[in-house]
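Numbers for residues simply follow the sequence, beginning at 1.
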Amino acid sequence: SSLLAVVAKRIRHGLPELKDNSDIECWNQVFAETLQYRKAKSFNYMIDRTLFRPREIIQFCTDALDESRSQHIAPIDYSVLSRAELVYSDARAKDIAAEYRFQYPGLQSIFECFRGRAYTMERDELEALCLSIFTGDLKTEKSASWVTEQDHDFLIDVLWRIGFLRAYAVGGLKALRRSGSSYVGPHQVATLNLRTVTRFQVHPMFRSSLGMKEERERGGETDD
């Protein structure tokens, strides 16, 4: 709700005639309320592609507005968001890598090891990918040599803590789910025993940049 309020305030500044409208009414004046993509609410779709930081939702909205102007489409719908998302996703991946460049240099090259893959992975698949990074089968920058000194649990923990991975929520954690998602990140739950997690997803914020694909989960569920 606080992030919606941030965007609504900016909308009212640009459209003074909406000064008496609620936050969600302001949003729905600019964005299509429901997207063609799985009939998702546009606000939920965009928020799910952030780590709940104000600058991220503002940047995504700005990129979408720029794209809508170039396509002359209003209100902003999925055809606009999907194009804007590529620009936004690429920028956020680079920004996150830069944000952690001192603790974990070369993160961008580690992200690239996930390019083109299904964004949902069973734990054994993720561990195998980590092993390929450790052994050099998947090339990373020289600055990322710190990964060769660690095990897969360490790398999974790093990728979760920086927001790149989300963990499958079970038991009591399901109460923390939002927008129907079964996966949580550190911005949603402060602590989590990752060693007991059996399935992971790359966060939606990074998927477009890495050209990641959807894959049906075991048991017939559809990926979030």
Nearest 0.5 angstrom please: Arg92 CZ to Ser209 OG, how far? 11.5 Å
Does Gln103 reach the side chain of Ile162, with side-chain heavy atoms less than 4.5 Å apart? no
Inter-residue atom distance Leu126.CG - Phe114.CZ, 0.5 Å rounding: 5.5 Å
Checking Leu210 against Glu112 for the side-chain contact (heavy atoms from CB on, under 4.5 Å) test, could you report, in this order, the C-alpha distance in whole Å, the side-chain angles of both residues, the deciding distance, and whether it holds? CA-CA 7 Å; Leu210 295 173; Glu112 284 294 323; 3.9 Å; yes
Would Arg117 and Lys213 count as a side-chain contact (heavy atoms from CB on, under 4.5 Å) here? Give the steps. CA-CA 6 Å; Arg117 300 176 184 273; Lys213 59 189 178 181; 5.8 Å; no
Indicate if Leu15 and Ile73 have the same hydrophobic cluster label, given that clusters are the connected sets of ILVMFWY residues with side-chain heavy-atom separations under 4.5 angstrom. yes
Spatial distance of atom CD (Gln36) from atom OG (Ser79) [nearest 0.5 Å]: 7.5 Å
Are Asp153 and Arg123 within salt-bridge range, i.e. N to O under 4.0 Å? yes
Mind checking whether Ile24 and Leu4 have side chains closer than 4.5 Å, heavy atoms only? yes
CZ of Arg83 to CG of Asp63: how many Å apart, nearest 0.5 Å? 14.0 Å
Please check this pair: side chain of Ser42 against backbone of Thr34, looking for a donor-acceptor N/O pair closer than 3.5 Å. no
Please confirm whether the backbone N or O of Thr120 pairs with a side-chain atom of Arg199, one donor and one acceptor, at under 3.5 Å? no
Nearest heavy-atom contact between Leu192 and Ala167 is CD2-CB, 3.5 Å
Taking side chain as C-beta onward, heavy atoms only, is Arg10 less than 4.5 Å from Ile58? yes
Given the rule in the side chain to side chain donor-acceptor pair (under 3.5 Å) test, do Tyr100 and Arg161 qualify, once you have shown the distances and angles that lead to the verdict? CA-CA 11 Å; Tyr100 292 96; Arg161 282 189 285 109; over 6 Å; no
Minimum-distance pair of heavy atoms, taken over all atoms of Ala144 and Gly106: CB-O, 3.9 Å
For Gln29 and Glu17, run side-chain contact (heavy atoms from CB on, under 4.5 Å): C-alpha distance rounded to whole Å, both residues' side-chain angles, the deciding distance at 0.1 Å, then the answer. CA-CA 11 Å; Gln29 285 293 316; Glu17 64 271 23; over 6 Å; no
Before you tell me yes or no, could you show the steps for Tyr88 and Thr50 under side-chain contact (heavy atoms from CB on, under 4.5 Å), namely the whole-Å CA-CA distance, both residues' side-chain angles and the distance that decides it to 0.1 Å? CA-CA 10 Å; Tyr88 165 78; Thr50 75; 3.6 Å; yes
hydrophobic_cluster_shared for Leu129 and Phe154, side chain cutoff 4.5 Å: yes
Nearest heavy atoms of Met205 and Ile96, plus distance in Å: CE-CG1, 4.1 Å
Does some side-chain heavy atom of Met46 sit less than 4.5 Å from a side-chain heavy atom of Leu81? yes
Considering all heavy atoms of both residues, which atom of Ala169 and which atom of Val184 are nearest to each other, and what is their separation? CB-CG1, 4.2 Å
Quick one: which of Tyr119, Tyr168, Trp160 gives a ring-ring contact (aromatic ring centres under 6.0 Å, His included) with Tyr183? Tyr168
Main-chain N/O of Glu67 paired with Ser70 side-chain donor or acceptor, under 3.5 Å: yes
Do the rings of Phe111 and Phe164 sit parallel, tilted or perpendicular, given the 30° and 60° boundaries? parallel
Are Glu85 and Arg207 side-chain neighbours, meaning at least one heavy-atom pair lies under 4.5 Å? no
Residue pair Val87 / Asp66, side-chain heavy-atom distance below 4.5 Å: no
Could you walk me through whether Arg12 and Asp23 pass salt bridge (Lys or Arg N to Asp or Glu O under 4.0 Å), step by step? CA-CA 9 Å; Arg12 292 190 190 97; Asp23 291 348; 2.6 Å; yes
First locate atom CG of Leu155, then atom CD1 of Ile110, and finally report the distance between them rounded to the nearest 0.5 Å. 5.5 Å
Would you say the side chain of Glu56 lies within less than 4.5 Å of the side chain of Ile47, judging by non-hydrogen atoms? no
What I want to check is whether the side chains of Gln188 and Arg166 have a donor and an acceptor closer together than 3.5 Å. no
Between Ile133 and Cys113, the two heavy atoms sitting closest are CG1-SG, 3.8 Å
Could you go through Asp48 and Lys41, starting from their C-alpha distance and side-chain angles, then the distance that decides it, and tell me whether this counts as salt bridge (Lys or Arg N to Asp or Glu O under 4.0 Å)? CA-CA 11 Å; Asp48 284 345; Lys41 296 293 185 181; over 6 Å; no
Residues in ring pair (Phe, Tyr, Trp, His ring centres under 6.0 Å) with Phe200, at least two apart? none
Nearest 0.5 Å, what's the CG-CD distance between Asn28 and Glu25? 8.0 Å
Any chain of hydrophobic side-chain contacts (each under 4.5 Å) joining Leu86 to Leu35? no
Do Ile156 and Cys130 come within less than 4.5 Å of each other through their side chains, counting heavy atoms only? yes
Least distance between heavy atoms, Glu125 atom then Glu122 atom: OE1-N, 2.7 Å
Would you say Phe206 ends up clustered with Tyr37 if hydrophobic residues are merged whenever their side chains have heavy atoms under 4.5 Å apart, either directly or through other cluster members? yes
Check whether Tyr45 forms a cation-pi arrangement with Arg49 (NZ or CZ under 6.0 Å from the six-membered ring centre, at most 45° off the ring normal). yes
Measure up the Trp146 and Tyr104 rings against each other and bin them: parallel (under 30°), tilted (30 to 60°), perpendicular (over 60°). tilted
Whether Phe31 and Trp27 hold their rings parallel, tilted or perpendicular, with breakpoints at 30° and 60°: parallel
